[in-house]
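Here's the structure, in structure tokens; my notes come after.
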Amino acid sequence: MEHQEFQEELNVLIQRRRDELAALRERGINPYPYSFRKTHRSADILATFRDDTAGENVAVAGRILSIRRMGKASFAHLLDSSGKIQVYLRRDDIGEMYDAFRLMDIGDIIGVEGFVFRTKMGEVSVHARAVTLLSKSARPLPIVKEKTDERGNKIVFDQFADKELRYRQRYVDLIVNPGVRDVFRERAQILRTIRNFLDARGCLEVETPVLQPIYGGASARPFITHHNALDIDLYLRIADELYLKRLIVGGFDGVYEIAKDFRNEGMDRFHNPEFTMLELYVAYQDYVWMMKLVEELVGTVTRELCGTTEVPSGGTVIDFASPWKRITMFDAIREYAGENLRGLGEQDLRRIARKLDVPVEPEAGAGKIIDEIFSERVQPQLIQPTFIMDYPLEMSPLAKRHRSEEGLVERFEAMVNGQELCNAFSELNDPADQRARFEEQMKLRARGDEEAQMLDEDFLRALEYGMPPTAGVGIGIDRLVMLLTGQESIRDVILFPHMRPER
RNA sequence: GGGGCUGUAGCUCAGGGGUAGAGCAUCUGCCUUUUAAGCAGAGGGUCGCUGGUUCGAGCCCAGCCAGCCUCACCA
């Protein structure tokens, strides 16, 4: 409070707005009225305007982004949810309201009733017959100006570009950087398309607990919270896999959840502590079937969003058209790193890792070494969508053993732009094997691996009742959105990315 | 956690030991089809924080805080 008062005393820009607010009230104007009957969005007016129909009556409402005052007449640009439109206010037309308008500022939200016309300079605008203050802004808005040069290029001046301010004050970012709104509209469209696609295939969207007594379904460190009434610690979910599989046991043929997961780990341009994951489980199918579904799903989303399966990214074009390349992990390592690891023991694997200059921790087992070699030497080269199939068993405690390859599981990941897009398996449904795998994880945990998975007795009980053969997949939605909207940081596809608290 | 870069007016930025600067925004005056509107004038700053060096510190040094990039860890 002290800080607030200090700042307000200090800041002439804020003080001025308070004075204006008082002056408006003195004129009998309510600076915060209750509603406004707007008839048009700016984009609709611009899209439908024809010179021979000029004069249409409209009521628009939006935030003032710029004002050009010329004595007894003014131009201003209003921003509404659809975009910007210019309004023209003349003292001769609106009388005393023009004097009130003198007390309005960039950042204020106003309604303008009037008729549509085209200015001498050619811009479709609204000629005001009335102006109504809808919300007085108490704080100066960053002023971003732009100009279109002779070649039609847009030059932006004083862009609001400070990333910290943009993320902390996303509301300001959304106001002054129009591209930001577009990204989040595209995100919504991607999610809508995914839901439509899965619903059309008979999958049921469900909701499972965020607060879990035992976390599972992924290898990650959790956030811990506390439930007072029960006096127990609970974990924020790191995945919803084990709950969704319980629902397959329960008899649903296909279930999915678009879930916020929480992982208590580092942050960088690919990781946010809370992120959105699609998980999908389909009964009576295996991972081969699931590859086909992922291709179709991503292809559909891409076509809906971009009108094509070709998406520019990082200087190249990614083509999501089916079929995507399929290759086993061993074959990929042979093809991209020139080493055949099939059948090799830990000693030989360690030697090859050293030869390829891939650092490997001394306690890593064979599967971990293979995974490291793949991640370091192969994955970055996988730019076009590629399914990597058949992973080492020890890295995948929830995946079913490979039907023909000893030591491997039926698992695939789709790689795009050197990044993992999804992770999928033929789900392990043998309760005895699942128990044994959990026990292996518990041994790792006892050795200090904080990310090893926990044994979930209730999940095992569910499997013991019997789960049909099932294919499952997880798709990181944020990274999919990054890819399809051309954003380089996960923070640009999450409205309120995690930040250290302001001090 | 390591390394690099950054923090100066509401916004975008300059200034690298000697009285805090520019453009936009704001205020005053003029201006009834402007558009980065224009012209004339004015106000606005704990130069991220704390300490140190110095006659004197946005500037040099140290620590801290915050952000970005990058590597590591991690899916």
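We name chains A, B, ... by the order of the sequence lines, and we start the count at 1 in each one.
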[X] side-chain proximity, nearest of [options]:
X        : options             : answer
A:Glu20  : B:C24, B:U34, B:C27 : B:C27
A:Phe75  : B:G44, B:C69, B:U33 : B:U33
A:His127 : B:A36, B:U34, B:U33 : B:U33

Roughly how many Å is it from [atom1] in [X] to [atom2] in [N], rounded to a whole number?
X        : N     : atom1 : atom2 : answer
A:Glu164 : B:C65 : CD    : C1'   : 10 Å
A:Asn177 : B:U12 : CG    : C1'   : 12 Å
A:Met499 : B:C65 : CE    : P     : 16 Å
A:Gln86  : B:U34 : CD    : C1'   : 7 Å
A:Met70  : B:U32 : CE    : C1'   : 7 Å

Quick one: which protein N/O atoms are closer than 3.5 Å to N/O atoms of nucleotides 39-41 of chain B? Pair and distance per line, please.
none

Within residues 112-123 of chain A, those residues having any heavy atom closer than 4.0 Å to RNA chain B are A:Phe117, A:Thr119, A:Lys120, A:Met121, A:Glu123

Spacing of the [atom1] atoms in [M] and [N] (rounded, Å):
N     : M     : atom1 : value
B:G21 : B:C55 : P     : 26 Å
B:G67 : B:C27 : P     : 34 Å
B:U12 : B:U6  : C1'   : 15 Å
B:A40 : B:G58 : P     : 33 Å

Ignoring hydrogens and angles, state whether a donor on the side chain of [X] or [Y] is under 3.5 Å from an acceptor on the partner side chain.
X        : Y        : result
A:Gln15  : A:Asp19  : yes
A:Thr119 : A:Ser125 : no
A:Ser74  : A:Arg69  : no
A:Asp492 : A:Ser489 : no
A:Tyr88  : A:Gln86  : no

Which residues satisfy the side-chain contact (heavy atoms from CB on, under 4.5 Å) test with A:Ala259, sequence neighbours excluded? A:Arg237, A:Asp240, A:Glu257, A:Asp261

Taking side-chain contact (heavy atoms from CB on, under 4.5 Å) as the test, write out the residues that go with A:Ile109, two or more places apart. A:Arg63, A:Leu134, A:Ser135

Just to verify, which of A:Asn177, A:Val180, A:Ile143, A:Ile175 counts as forming a side-chain contact (heavy atoms from CB on, under 4.5 Å) with A:Phe160? A:Asn177

When A:Asn417 is tested against each of A:Ile383, A:Leu382, A:Val311 for side-chain contact (heavy atoms from CB on, under 4.5 Å), which residue passes? A:Ile383

Just the atom pairs and distances: protein N or O near nucleotides 2-11 of chain B's N or O, under 3.5 Å.
residue, atom, partner, partner atom, Å
B:C11, O2', A:Asp158, O, 3.3

Look at [X] and [N] and indicate whether a side-chain polar atom (N or O) is within less than 4.0 Å of OP1 or OP2.
X        : N     : value
A:Arg16  : B:U26 : no
A:Lys154 : B:A36 : no
A:Arg68  : B:A37 : yes
A:Arg221 : B:C73 : no

Please determine if A:Arg411 forms a cation-pi arrangement with A:Tyr391, meaning its NZ or CZ atom is less than 6.0 Å from the six-membered ring centre and no more than 45° off the ring axis. yes

If anything within 90° of 0 is syn and all else is anti, what is B:G23? anti

Is the glycosidic angle of B:G15 within 90° of 0, making it syn, or outside that range, making it anti? anti

Would you please classify the geometry between the A:Tyr215 ring and the A:Tyr235 ring as parallel, tilted or perpendicular, with 30° and 60° separating the classes? perpendicular

For A:Glu420, report the nucleic acid contact type (base, sugar-phosphate, nothing); a contact means any heavy atom under 4.0 Å. base

Consider side chain to side chain donor-acceptor pair (under 3.5 Å). Of A:His498, A:Arg479, A:Glu265, which one does A:His271 pass it with? A:Arg479

What dot-bracket string describes RNA chain B from 5' to 3', counting Watson-Crick and G-U wobble pairs whose defining distances are under 3.5 Å, with [ ] for crossing pairs and | for pairs to another strand? ((((((((.[[[[.)..(..]]]].(((((.......))))).....[[[[[..)....]]]]])))))))....

Is any NZ, NE, NH1 or NH2 atom of the basic residue among A:Glu410 and A:Lys400 found under 4.0 Å from an Asp or Glu carboxylate oxygen of the other? no

Can A:Glu20 and A:Arg18 be counted as an ion pair, charged N to O under 4.0 angstrom? no

